[in-house]
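To keep things clear, I will list the structure first and then write my remarks on it.
As the structure is a prediction and not an experimental result, all values here were calculated from the model. Here is the naming used below: chain letters follow the sequence lines, and residue numbers restart at 1 for every chain. Computed over heavy atoms, backbone and side chain alike; hydrogens, waters and symmetry mates excluded.
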Number of protein chains: 2
Amino acid sequence: MSENARATAEGVDAASEDRTCYCPLGGVMDLLSRNYAIQVICVVGTLRPVRYGEIEATFGEVSSSTLSTRLNELTEAGMLARERYAEIPPRVEYDLTTDGEELCELLLPLLRWVEDRGPSEQ
Amino acid sequence: MSENARATAEGVDAASEDRTCYCPLGGVMDLLSRNYAIQVICVVGTLRPVRYGEIEATFGEVSSSTLSTRLNELTEAGMLARERYAEIPPRVEYDLTTDGEELCELLLPLLRWVEDRGPSEQ
DNA sequence: CAGAATCCATTCGGATACTG
DNA sequence: CAGTATCCGAATGGATTCTG
């Protein structure tokens, strides 16, 4: 979107036409609204590269199925890269892709801001 | 665009030391993961002050119940302020609170980034 | 106009159990 | 260790209807 897309009182009637529409969120926005998705990005970005177990430990309460699903979704969306090492015991490392890095840079400030205000009194 | 998009790998690496736990997402994170929540913040931030009908028009497809719910949640969370005018026909204007402004500043770059990469990716 | 209330299909995610 | 598969209750959000 461009800076000149400024909204004025007159822009009201053109609301349904010209104006930037944030509605059709891409698949990424959709993914980010899933449980722990944003946190996963940030955890990987903070501990990269990081193993599955570490991520799981970071969120003590998440179920493996949920975390696994989130990891797969973000990997398929091109935000995470999964490196599998043929060792015994198996080792898998997650890291951010270039896109993931960009996203993480945008997400970390958000998370920090949320933390700073603490558990708000609603 | 802004220059602060230059955190680079250094910022990420530096954070590798601390083990901040992002798990306990505050109520705000929870709200943001709801449908259209992030977009609502950004739409209000862009068109402020904005009437209910305008917001609804911006998202052509959202149902009034969903939008209304989101608006209430964000208002109660202190991100939005609702001003009701005793006129006929009734007029209600939504605006960002101070907190909402801060949040919007963090969210807009995210939305722009998502838009820029488009839905064509993968 | 700006919603609130209700109903309900769909989705989401936790628990559990099981593999390579 | 690093997941996947399955089951199922909980939460979500759309459609519809109604109101000040």
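Between the C1' atom of dG13(D) and the CD atom of Glu61(B) lies a distance of 13 Å, rounded to the nearest Å. Nucleotide dG14(D) holds its P atom 11 Å from the CZ atom of Phe59(B), rounded to whole Å. Rounded to an integer number of Å, the gap from CZ of Arg82(A) to C1' of dG3(D) is 9 Å. Going from atom CD of Glu76(A) over to atom P of dT4(D) covers 11 Å, rounded to whole Å. Atom pair Tyr52(A):OH and dC1(D):P shows a separation of 11 Å (rounding to whole Å applied). Atoms CG (Asp30(B)) and P (dT12(D)) sit 7 Å apart, rounded to a whole Å. Rounded to a whole Å, the CG atom of Leu31(B) is 14 Å from the C1' atom of dA11(D). Leu71(B) places its CG atom 15 Å from the C1' atom of dG13(D), with the value rounded to the nearest Å.
Along DNA chain D, the nucleotide closest to Arg51(A) and the one closest to Leu67(B) are compared, and the more 5′ of them pairs with Arg51(A). Checking Thr66(A) against Pro90(A), the closest nucleotide of DNA chain C that is more toward the 5' end is the one next to Thr66(A). Nearest-nucleotide positions on DNA chain C place Thr69(B) closer to the 5' end than the other of Glu73(A) and Thr69(B).
Using a 4.0 Å heavy-atom criterion, one finds that Ser68(B) contacts the sugar-phosphate atoms exclusively. Using a 4.0 Å heavy-atom distance criterion, Tyr94(B) is classed as a sugar-phosphate-only contact. Here Arg84(A) lies out of heavy-atom contact (under 4.0 Å) with every strand.
Minimum atom distance to the side chain of Arg70(B) is reached by dG13(D), of the listed dT6(D), dG13(D), dG3(D).
At a cut-off of 3.5 Å, with distance as the only test, no side-chain donor of Glu54(B) or Tyr94(B) sits close to an acceptor on the other residue.
Side-chain contact between Val43(B) and Tyr36(B) is absent, with no heavy atoms from C-beta onward closer than 4.5 Å. With contacts defined as side-chain heavy-atom distances shorter than 4.5 Å, the pair Thr58(B)/Thr46(B) does not qualify. At a threshold of 4.5 Å between non-hydrogen side-chain atoms, the residues Asp99(B) and Val28(B) do not count as touching.
A donor-acceptor contact under 3.5 Å is formed by the side chain of Ser64(A) with the base of dT4(D).
Look at Arg34(B) and you'll find a side-chain N or O under 4.0 angstrom from OP1 or OP2 of dT12(D). In terms of phosphate contacts, Asn72(A) brings a side-chain nitrogen or oxygen within less than 4.0 Å of OP1 or OP2 of dT4(D). Ser65(B) has no side-chain polar atom (N or O) that falls below the 4.0 Å cut-off from OP1 or OP2 of dG14(D).
Here Arg70(B) pairs with Glu73(B) in a salt bridge; the nearest charged N to carboxylate O distance falls below 4.0 Å.
Mapping heavy-atom proximity under 4.0 Å, the span of DNA chain C touched by chain A runs 5' to 3' from dC12(C) to dG20(C).
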**Request:** Would you check, one step at a time, whether the test side chain to side chain contact (heavy atoms under 4.5 Å, CB included) holds for Asp95(A) with Glu83(A)?
**Result:** CA-CA 8 Å; Asp95(A) 202 340; Glu83(A) 190 73 33; over 6 Å; no
**Request:** Determine, step by step, whether Leu96(B) and Leu80(B) satisfy the side chain to side chain contact (heavy atoms under 4.5 Å, CB included) criterion, reporting the C-alpha distance in whole Å, the side-chain angles of both residues, the deciding distance to 0.1 Å, and the verdict.
**Result:** CA-CA 5 Å; Leu96(B) 296 179; Leu80(B) 299 181; 3.6 Å; yes
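Exactly one residue among Ser68(B), Ser63(B), Ser64(B) makes a side chain to side chain donor-acceptor pair (under 3.5 Å) with Thr66(B). That residue is Ser63(B).
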